[in-house]
Amino acid sequence: MLNFRHLYYFWVVTKEGGFARAAERLDMAVQTISAQVRELEKNLGHQLLKPAGRGVALTEAGQAAFARAEEAFQIAQAIPNEVREAASGKLARLAVGFSDGISKLAAHALLEPILATPSLRLLCHEGEFEQLLAELALHQLDVVLAGQAAPNNPNLRLSSERVVQSPIEWYGPTAIVRTAAVAGFPQSLDRLPMLLPTGHSALRFRLDRWFETQGLRPRIVGEFEDSAMLAVFAARGLGVFPVSRFGASGMAMMRGLRLLGRCEDVSDEVHAIWSRRGQHHPLVTQMLAAVRT
């Protein structure tokens, strides 16, 4: 096991730029701190510090160690406040997982009813569907927002509900979404550069089927896992893109975009998935109640 006291001394020495200043800050002997850092280097098997003038500098190995130590001790400094807030009942913590390909604008709209919660601590994590379900089963997440329902697996003990089924709207930069393109929608999609979600997205599968029924052969210039990044590239003039009507209210945040047309035949879906423990979380309950009403 890594000795965190040794790591702490190394961290302080690095922050202070030398052993003498670290000893002054810690009110300890220079020799004691130096011995503890050498012990850390011995345990890790690499030199972390090297002489630099009157102080010390990090080696490459030391830079890697310091980066992690910085993260660890920043977290450690936050623990007392978080514990105090949790003990007082003031902290409202919600850990949400977003599956790859889900519309971030729709996800924001779903979470909006709880964003004004006093002392909210919102933890957002994006990952692959199976990975998020595993974290949910281990109670590392309170709820997962995904493009598909939870699998029928009694061992996972998960519940899910479709919280969004929204038609698709197409937006694009005003420079290419001209009046003629709007009037000729959806056939005008054949003549415009297009940005789409990547192939593993459930929405992409439905869009591909719709292209076939409409006889469209889209000119795809970009594919994105992150829908928010897709919208940013579109706003910079790269092409037109689909977004669920539920999340399209967020288009007001993106300057330079214009509505090209509405596609009632294709819908985007978002499912909320939670464990038995999560179903009693007040913020999950509040979010679901807002969606249902």
Side-chain angles (χ1 to χ4, degrees), residues 82 85-87 89-168 197-207 209 224-228 242-250 264-293:
E82 292 187 9
E85 290 175 345
K90 294 180 180 179
L91 185 64
R93 181 185 181 278
L94 181 67
V96 185
F98 300 102
S99 70
D100 292 340
I102 189 176
S103 167
K104 303 303 185 299
L105 297 172
H108 177 269
L110 284 168
L111 294 174
E112 192 169 14
I114 68 168
L115 296 182
T117 303
S119 302
L120 175 66
R121 178 69 57 83
L122 184 62
L123 306 175
C124 297
H125 174 57
E126 185 174 8
E128 296 183 1
F129 184 65
E130 291 76 12
Q131 171 199 348
L132 295 176
L133 294 188
E135 294 177 8
L136 187 63
L138 293 172
H139 309 304
Q140 296 171 356
L141 296 172
D142 299 308
V143 64
V144 168
L145 299 178
Q148 57 186 299
N152 187 17
N153 185 341
N155 294 325
L156 292 176
R157 297 182 179 180
L158 300 177
S159 301
S160 66
E161 179 178 332
R162 186 174 64 192
V163 291
V164 172
Q165 185 176 22
S166 175
I168 293 297
T198 52
H200 72 282
S201 164
L203 174 60
R204 175 62 180 273
F205 175 73
R206 292 191 286 270
L207 285 169
R209 288 196 306 177
F224 297 80
E225 289 187 355
D226 190 315
S227 60
V243 61
S244 73
R245 185 178 300 170
F246 180 77
S249 58
E264 302 290 344
D265 301 333
V266 182
S267 61
D268 191 17
E269 295 185 358
V270 178
H271 296 255
I273 306 171
W274 62 91
S275 64
R276 288 186 178 179
R277 175 178 171 181
Q279 70 181 342
H280 301 297
H281 195 296
L283 294 181
V284 174
T285 302
Q286 182 181 340
M287 180 191 72
L288 294 174
V291 171
R292 290 164 182 160
T293 57

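We're numbering straight along the sequence, starting at 1. Keep in mind that this is a model prediction, so the values were computed, not measured.
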Check whether any side-chain N or O of Glu269 sits under 3.5 Å from a backbone N or O of Arg162 as a donor-acceptor pair, and report yes or no. no
Can you list the residues that meet the salt bridge (Lys or Arg N to Asp or Glu O under 4.0 Å) rule with Arg157, with sequence neighbours excluded? none
Charged N to carboxylate O under 4.0 angstrom, Glu264 versus Arg245? yes
Please give me the minimum heavy-atom distance between [X] and [Y], naming the atom from each residue.
{"X": "Phe98", "Y": "Ala107", "result": "CE2-CB, 3.4 Å"}
{"X": "Ile102", "Y": "Ser99", "result": "CG2-O, 3.0 Å"}
{"X": "Ala272", "Y": "Val163", "result": "CB-CG1, 3.9 Å"}

Once you round to the nearest 0.5 Å, how far does CG of Leu207 lie from CG of Asp265? 11.5 Å
From Ile114 atom CD1 to Leu122 atom CG, the distance as rounded to the nearest 0.5 Å: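 Those atoms lie 6.0 Å apart.
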I would like to know whether His125 and Glu135 meet side-chain contact (heavy atoms from CB on, under 4.5 Å); could you show each step before the answer? CA-CA 10 Å; His125 174 57; Glu135 294 177 8; 3.2 Å; yes
Verdict with supporting geometry, Met287 and His281, side-chain contact (heavy atoms from CB on, under 4.5 Å): CA-CA 10 Å; Met287 180 191 72; His281 195 296; over 6 Å; no
For Phe224, which residues count as a ring pair (Phe, Tyr, Trp, His ring centres under 6.0 Å) partner, sequence neighbours excluded?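 In terms of ring pair (Phe, Tyr, Trp, His ring centres under 6.0 Å), with neighbours along the sequence ignored, Phe224 is linked to Phe233.
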Glu128 CD: over 12 foreign heavy atoms closer than 6.0 Å: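 Open.
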